[in-house]
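Beneath this line is the structure, given in structure tokens, with notes to follow.
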Amino acid sequence: MFIETTRLIRAALQAVTGEEDVLIADGGEHADLASTVAFPLAKKRRAPPASIAAELASRLAPTLAPHGIAVEATGPYLNFRFGPPYFAGAIRAALAPGYGAGEPQEARVVLEHTSANPNGPLHVGHIRNSIIGDTLARAFRKAGYPTEVQYYVNDMGRQIAIVVWGMEHLGFEPDAGEKPDHFIARVYVEANRRIEADPAITAEIDGLMQRVEALDPATVRAFRNVVARCLDGFRETLGDLATPHDRFVWESDFLRNGDMERVLSRLSRLPVAHQEEVFYLDLSGAGIENRYVLRRSDGTSVYAARDLAYHLWKGRNFDRVIDVLGADHKLIGAQLQATLSLIGELPPEIVHFEFVSLPEGSMSTRAGTFIAADDLIAETRRRAFEEVTVRRPELPEEERRAIAQSVALAAIRYDIIRISPEKSTVFDWKTALDFERQSGPYIQYAHARACSILEKAGGFTETFAAESPYEQALVRQIAKFPAVVAQAVAELRPHLVATYARELADLFNTFYHYEPVLRAEGEMRDARLTLVLAAQNTLREALGTLGIDALRSM
RNA sequence: GGGCCUGUGGCUUAGUCCGGAUAGAGCGCCGGGCUUCUAACCCGGAUGCCGGGGGUUCGAAUCCCUCCAGGCCCGCCA
């Protein structure tokens, strides 16, 4: 309803002013929508903006009044206020299953996220990638785009070679119940320690790298074995976070199927290509001064070369390619985009997120200084279970366990997604474990309250009206949901959905506090129940877009 | 040294791309509200030279310049 009404007002304003950009802005407390076109018109017409606004208001009124929209000039501002038809339409729309969804789109989207090196468990930095990527994927699907989510498995990297070396020389065995990715990290950390102590080992690592590139069967098997073990651990963590992938694409496939050699030979014919001791591209034409090295002097390829082949493949099978990458990948991301553009292939759209660090400094798998996502999940679940047990002691343990699991997921996902990706953060246990206000559980709670009312209400006649300021404020927010989804997708900013959902919960709670629903009578009871149903459905859809369970009871 | 990102009450942050009407929230602090639909809630109060300086504009947290501070990058790692 918000999108349609905004469109209507924009068209009316364009017709009346003859301006293309009619400067529509949020009306704040003054109005539902406002326009500041009177300012530029004042300059053009050499008349005071306030009198222009007044004149426009009187000319707009006849077209907008039939839609129940009031126009008023307040000084130079044009203020639009929505009336009963808007509220009724918004409530009705919000009752539909899947509310917020956009029109089905043609463009097929491939979205890559997480893609962490399989040399140790996912930590709280990696899961920022997972959660941003997954929320974005959910938003894309909600907005109507067929979307495939991929994990790019780096199974040829030096880090993996180090793990393979460690497996063969350290004789480590997993502890009882130890997750495979945690075991791999133990091997990786110790192997790195040995390499530091004995630089001769580096040559052995180089040998492994060369043999895997030459597709030596035993070496390929060894690499694949450690990667698969680590990935099993990742899948469990990603499952706990509800950030699933549709497909795991293995880097080495692009070596094996010849794609990488094909793209390298294609690039070698470019004027920007240079074959000296290494093969590299000079991208200074695109404003990138660093050499883009694609082949080492020993002839082996680097990650970037395989990544180019991967992106070429994605670009040919999808209409939009989106990557979620850490800020440390900004340079290599720009090089990738520039190179693909250069050869007329579809470059990826890249969403970068800044780093998560610990109070004592940055996280490092190699140094073993990180908070594993698994530990965060376990601790958050433990705290949530404590909390549920205090609040709902009467529930059977199994049910409390299930609620705690959903609450923990909500707390973790919301704590991460609420922050703009471009902001670097310091991980803080206190806010991660906070289940109040500006948190995922807070939004879940508003939804559970709505469900509780509806459960007790019994049957009622759907009635579409919002009388009080609290009801109207709630409907205004409900009406904006489809616009928020569309905006999050258009701007690749999934955190907009998080902000929206929290504001929706705020408004529902305020309404809940001031307006009795079950104790209201007649049409007012029906209208409020219908509004609660609309709010409940919108909260559920918003939570779903955030990958958070909409609990009916908690 | 060069490039990218960030700087908003004690702390965490929305708003910045697309300039408008008294800069929104949460935590913490002070004070209220549970015989009433789930208090993981609600209400009120104190707390802001929107990093500093300059500029553009009728109007700047938002645009431009500059300086300062923090993060990241500048590998034949990924």
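In what follows, chains carry the letters A, B, and so on, assigned in the order in which the sequence lines appear, proteins first and then strands, with residues in each chain numbered from 1. Note that these values count all heavy atoms, side chains included, but never hydrogens, waters or copies made by symmetry.
Spacing between B:C67 and B:C11 at atom C1', rounded to whole Å, works out to 27 Å. Distance check on atom P: B:C63 versus B:G44 gives 33 Å, rounded to whole Å. Comparing the C1' positions of B:A46 and B:C29 gives a spacing of 8 Å, expressed to the nearest Å. The same atom, P, is picked in B:C18 and in B:C5; the two are 14 Å apart, to the nearest Å. When the C1' atom is used for both B:U8 and B:C72, the distance is 22 Å, rounded to whole Å. Going from the C1' atom of B:A40 to that of B:G45 covers 24 Å, rounded to whole Å. Comparing the C1' positions of B:G31 and B:U47 gives a spacing of 15 Å, expressed to the nearest Å. Nucleotides B:A61 and B:G15 place their C1' atoms 8 Å apart, quoted to the nearest Å.
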### Query
Does the salt bridge (charged side-chain N to carboxylate O under 4.0 Å, His left out) test come out yes or no for A:R528 and A:E515, once each step is laid out?
CA-CA 8 Å; A:R528 286 186 184 163; A:E515 311 282 7; 2.8 Å; yes

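In this structure a side-chain-to-backbone donor-acceptor pair under 3.5 Å is missing from A:T135 to A:I132. A:H447 places a side-chain N or O within donor-acceptor distance of the main-chain N or O of A:L551, the cut-off being under 3.5 Å. Proximity of a side-chain donor or acceptor of A:E471 to a complementary backbone N or O of A:S468 within less than 3.5 Å is detected.
Residues satisfying the ring-ring contact (aromatic ring centres under 6.0 Å, His included) criterion with A:F39, sequence neighbours excluded, are A:Y77. Among residues two or more places apart in sequence or in another chain, the ring-ring contact (aromatic ring centres under 6.0 Å, His included) test is passed with A:F279 by none. A:W165 pairs by the ring-ring contact (aromatic ring centres under 6.0 Å, His included) definition with A:H169, not counting sequence neighbours. With sequence neighbours excluded, the residues that form a ring-ring contact (aromatic ring centres under 6.0 Å, His included) with A:Y152 are A:Y310. In this view, A:D155 and A:S252 satisfy the side-chain hydrogen bond (donor to acceptor under 3.5 Å, both in side chains) rule, not counting sequence neighbours. The salt bridge (Lys or Arg N to Asp or Glu O under 4.0 Å) check on A:R211 picks up nothing, with sequence neighbours excluded.
Note on A:F39: a base of the nucleic acid sits closer than 4.0 angstrom, heavy atoms only. At the heavy-atom level, A:Q444 lies nowhere under 4.0 Å from the strands shown. Contact annotation for A:T510: backbone-only contact, meaning every heavy-atom pair under 4.0 Å involves sugar-phosphate atoms and none involves a base. At the heavy-atom level, A:T431 lies nowhere under 4.0 Å from the strands shown.
Residue pairs meeting the ring pair (Phe, Tyr, Trp, His ring centres under 6.0 Å) criterion with at least one member in residues 422-441 of chain A, sequence neighbours excluded, are A:F427-A:W429. Listed by first and then second residue, the side-chain hydrogen bond (donor to acceptor under 3.5 Å, both in side chains) pairs that reach into residues 354-365 of chain A are A:K330-A:E354, sequence neighbours excluded.
Residues of residues 405-420 of chain A having a heavy atom closer than 4.0 Å to RNA chain B, listed by number: A:V407, A:R418, A:I419, A:S420.
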#### Entry: Where protein sits on nucleotides 21-30 of chain B, one letter per nucleotide: B base, S sugar-phosphate only, - none, heavy atoms under 4.0 Å
BB--BSS---

### Task
Let me have a per-nucleotide readout for nucleotides 73-78 of chain B, 5' to 3', with B, S or -, counting only protein heavy atoms under 4.0 Å.
SS-BBB

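Rounded to whole Å, the distance from CG on A:L496 to C1' on B:C18 is 14 Å. The CG atom of A:L504 sits 16 Å away from the C1' atom of B:A14 (whole-angstrom rounding). In this structure, A:E422 places its CD atom 12 Å from P of B:U13, rounding to the nearest Å. Rounded to whole Å, atom P of B:A40 lies 19 Å from atom CZ of A:R552. A:Y442 places its OH atom 17 Å from the C1' atom of B:U12, with the value rounded to the nearest Å. Regarding A:F511, its CZ atom lies at a distance of 15 Å from the C1' atom of B:C41, rounded to whole Å.
Remark: A:R306 fails to qualify as a cation-pi partner of A:F254 under the 6.0 Å distance and 45° angle criteria applied to the six-membered ring. Remark: A:R449 is not positioned above the aromatic ring of A:F508, lacking an NZ or CZ atom under 6.0 angstrom from the ring centre and at most 45 degrees off the axis.
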Tabulated below should be each protein N or O lying under 3.5 Å from an N or O of nucleotides 1-4 of chain B; please produce it.
{"unit_1": "B:C4", "atom_1": "O2'", "unit_2": "A:K330", "atom_2": "NZ", "d": "3.0"}

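Across every strand in view, B:U57 sits unpaired, with no contact that passes the Watson-Crick or G-U test at under 3.5 angstrom. Figure legend. B:U16 is base-paired to no nucleotide; pairs are counted as Watson-Crick or G-U wobble with both atom distances under 3.5 Å. Taking a pair to require two hydrogen-bonding distances under 3.5 Å in either a Watson-Crick or a G-U wobble arrangement, B:C4 pairs with B:G71. The partner of B:A23, taking Watson-Crick or G-U wobble pairs whose two distances both stay under 3.5 Å, does not exist in any strand shown.
Within the 4.0 Å cut-off from OP1 or OP2 of B:G15, at least one side-chain nitrogen or oxygen of A:R493 is found. Distances shorter than 4.0 Å separate some side-chain N or O of A:R449 from OP1 or OP2 on B:A39. Checking the phosphate oxygens (OP1, OP2) of B:U13, no side-chain nitrogen or oxygen of A:K423 falls inside 4.0 Å.
Ring-plane geometry between A:F234 and A:Y151 is classed as tilted, the angle between the planes lying from 30 to 60 degrees on a 0 to 90 degree scale.
Under 4.0 Å is where a charged nitrogen must lie from a carboxylate oxygen, and between A:E379 and A:R381 no such pair does.
Comparing A:H495 and A:E515, the nucleotide of RNA chain B nearest to each residue sits closer to the 5' end for A:H495.
For A:T36 against B:G20, a side-chain-to-base donor-acceptor contact under 3.5 Å is present.
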